[in-house]
Amino acid sequence: MSATIIDGKAISQQIKDELKEKTAALKEKGIEVTLAVVLVGEDPASQVYVRNKKKACEYIGYNSLSYELPEETSQEELLKLIEELNGRENVDGILVQMPLPKHINEKAVIDAIDPSKDVDGFHPMNVGALCIGEQGFVSCTPAGVIQLLKRGCDGQIDIAGKECVIVGRSNIVGKPMALLMLRENATVTVTHSKTKDLANVCKRADILISAIGKAGFITKDFVKEGAVVIDVGINRNAEGKLCGDVVYDEVAEIASAITPVPGGVGPMTIAMLMNNCYESAVMRMNNSNIK
Ligand code: NDP
């Protein structure tokens with residue numbers, strides 16, 4: 001068997017094109033979508049992420065406000081900027097690019113963002129809403145994985161009732177991923193570095209989602225024949241080439257569907273961020289009773 005490739009590039013493009021159309025319709029009602037992007041310092045990877053987010057805004061038709069602050073910016077200064085953006089009626093989303101310089105407490109920054117503008121979905125109120133099944137912003141990477149499962153393979157992947165094993169339990173991927181799969185009625189197992197007999201636990205999965213951050217960790221010994229395999233990992237292999245957690249070639253031989261790296265989960269994260277910005281603008285429109 002050779003797995004069907006779930007093409008994150010194509011699916012993310014589809015989502016961005018849908019948003020572009022909906023954004024044009026919103027504009028006709030006088031509503032513009034605005035994302036404020038805050039970058040502190042000069043981390044090259046963060047600069048690339050920020051640039052890509054601004055490019056996506058431009059493509060869809062959002063306004064992007066860019067705040068590129070020097071490395072030595074104090075926590076107080078950053079919190080002041082967030083407070084100002086929280087109060088600006090025309091700002092729908094606030095994104096502070098992580099990681100922040102060591103002298104700034106990331107939790108304090110996340111907590112300071114107005115939950116209704118927290119398009120990254122990291123604020124405890126949004127995490128709590130996801131946990132108890134209420135409406136709120138969902139962390140973009142796991143939300144992207146759900147879209148890959150729903151839109152990939154011509155919509156033929158059923159999630160309800162399936163055994164899903166997630167490898168990794170971080171706050172930004174593993175845990176929200178588990179909650180989302182639960183919301184989709186999968187039977188969910190969350191594994192981590194202390195899990196015993198990990199390969200056999202993974203082999204139970206109809207849907208295996210790996211978010212570890214270790215190149216070549218998930219071999220075919222972790223995968224049941226016919227499983228759907230989603231690789232969230234972004235790593236560099238010994239040759240410096242971008243790769244996931246999954247040994248793609250051998251796993252693709254036995255899986256029914258698989259995401260590649262690059263071109264799988266990666267592009268979905270920005271698409272879902274853009275989706276959260278749109279949702280935020282719609283909420284603002286509904287609150288101001290413009291129909
Ligand atoms: P973290 O380092 O925060 O979490 C990694 C998780 O993997 C932890 O829960 C850890 O377990 C678990 N883990 C580590 N080693 C093992 C092991 N040997 N066996 C089982 N579990 C293990 O990483 P993130 O969640 O932030 O990211 C994970 C990967 O996803 C990274 O490669 C990252 O680059 C990528 N990523 C990709 C995104 C995208 O857009 N595609 C977005 C975000 C992340 P424990 O808790 O016990 O330590």
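One-based numbering, in listed order, for ligands and for the atoms of each. Computed over heavy atoms, backbone and side chain alike; hydrogens, waters and symmetry mates excluded. Bear in mind that the values here come from a model prediction, so they are computed numbers and not experimental data.
- Atom CG of Asp197 has more than 12 neighbouring heavy atoms from other residues, nucleotides or ligands inside a 6.0 Å radius.
- Among all protein heavy atoms, the one lying closest to atom 31 (C) of ligand 1 is Gly213 CA, 3.6 Å.
- Residue-level proximity to ligand 1 for Thr141 is carried by the side chain, the only part with a heavy atom below 4.0 angstrom.
- The one candidate from Ile209, Leu182, Asp206 that meets the side chain to side chain contact (heavy atoms under 4.5 Å, CB included) condition with Cys164 is Ile209.
- Salt bridge annotation for Arg88-Glu84: present, with a cationic side-chain nitrogen under 4.0 angstrom from a carboxylate oxygen.
- Gly266 counts as a contact of ligand 1, since one of its heavy atoms falls under 4.0 Å from the ligand.
- Close contacts between ligand 1 and Leu198 involve ligand atoms 19 (N), 20 (C) [criterion: under 4.0 Å to a heavy atom].
- Exactly one residue among Val173, Asp245, Asn235, Thr191 makes a side chain to side chain contact (heavy atoms under 4.5 Å, CB included) with Ile212. That residue is Asp245.
- Contact atoms of ligand 1 toward Val232: 30 (O), 35 (C), 36 (N), 37 (C), 41 (N) (distance under 4.0 Å to a heavy atom of the residue).
- Annotation for ligand 1: atoms under 4.0 Å from non-hydrogen atoms of Thr269 are 39 (C), 40 (O).
- Contacts with ligand 1 closer than 4.0 Å are made by no heavy atom of Thr195, backbone or side chain.
- Among protein heavy atoms, the minimum distance from atom 17 (C) of ligand 1 is reached at Phe217 CZ, 3.7 Å.
- Numbered from 1 in the order shown, with element, the atoms of ligand 1 that lie under 4.0 Å from a heavy atom of Asn235 read 32 (O).
- Atom 24 (P) of ligand 1 has Ser170 OG, 3.7 Å as its closest protein atom, hydrogens excluded (heavy atom only).
- Atoms of ligand 1 lying under 4.0 Å from at least one heavy atom of Ile172, given by number and element, are 26 (O).
- Inclusion of Lys194 in the set of residues having an N or O under 3.5 Å from an N or O of ligand 1 is not warranted.
- The shortest N or O to N or O distance between Lys214 and ligand 1 is below 3.5 Å.
- Listed by atom number, the atoms of ligand 1 under 4.0 Å from Val173 heavy atoms are 25 (O), 43 (C), 44 (C).
- Under the 4.5 Å side-chain heavy-atom criterion for ILVMFWY residues, no single connected hydrophobic cluster contains both Tyr49 and Leu273.
- Atom CD of Glu77 is surrounded by more than 12 heavy atoms from other residues, nucleotides or ligands within 6.0 Å.
- Applying the side chain to side chain donor-acceptor pair (under 3.5 Å) test between Asp17 and each of Gln14, Gln13, Lys20 identifies Gln13 as the sole match.
- Other residues, nucleotides and ligands place more than 12 heavy atoms under 6.0 Å from the OH atom of Tyr67.
- Between atom 14 (C) of ligand 1 and the options Thr191, Ile212, Val145, the minimum heavy-atom separation is to Ile212.
- Taking a 6.0 Å sphere around CE of Met125, one finds it holds 12 or fewer heavy atoms contributed by other residues, nucleotides or ligands.
- The environment of Glu18 atom CD is dense: over 12 non-hydrogen atoms of other residues, nucleotides or ligands sit within 6.0 angstrom.
- Residue, atom and distance of the protein heavy atom nearest to atom 48 (O) of ligand 1 are Ser193 OG, 3.6 Å.
- Of the candidates Ala211, Ser139, Ala45, the one placing a heavy atom closest to atom 6 (C) of ligand 1 is Ala211.
- At least one N or O atom of Ile234, backbone or side chain, sits closer than 3.5 Å to an N or O atom of ligand 1.
- A donor-acceptor distance shorter than 3.5 angstrom exists from the side chain of Asn126 to the backbone of Phe137, with no hydrogens or angles considered.
- Salt-bridge formation is detected for the pair Lys150/Glu184: a Lys NZ or Arg NE/NH1/NH2 atom is positioned less than 4.0 Å from an Asp or Glu carboxylate oxygen.
- The residue among Arg169, Lys175, His192 with a heavy atom at the shortest distance from atom 8 (C) of ligand 1 is Arg169.
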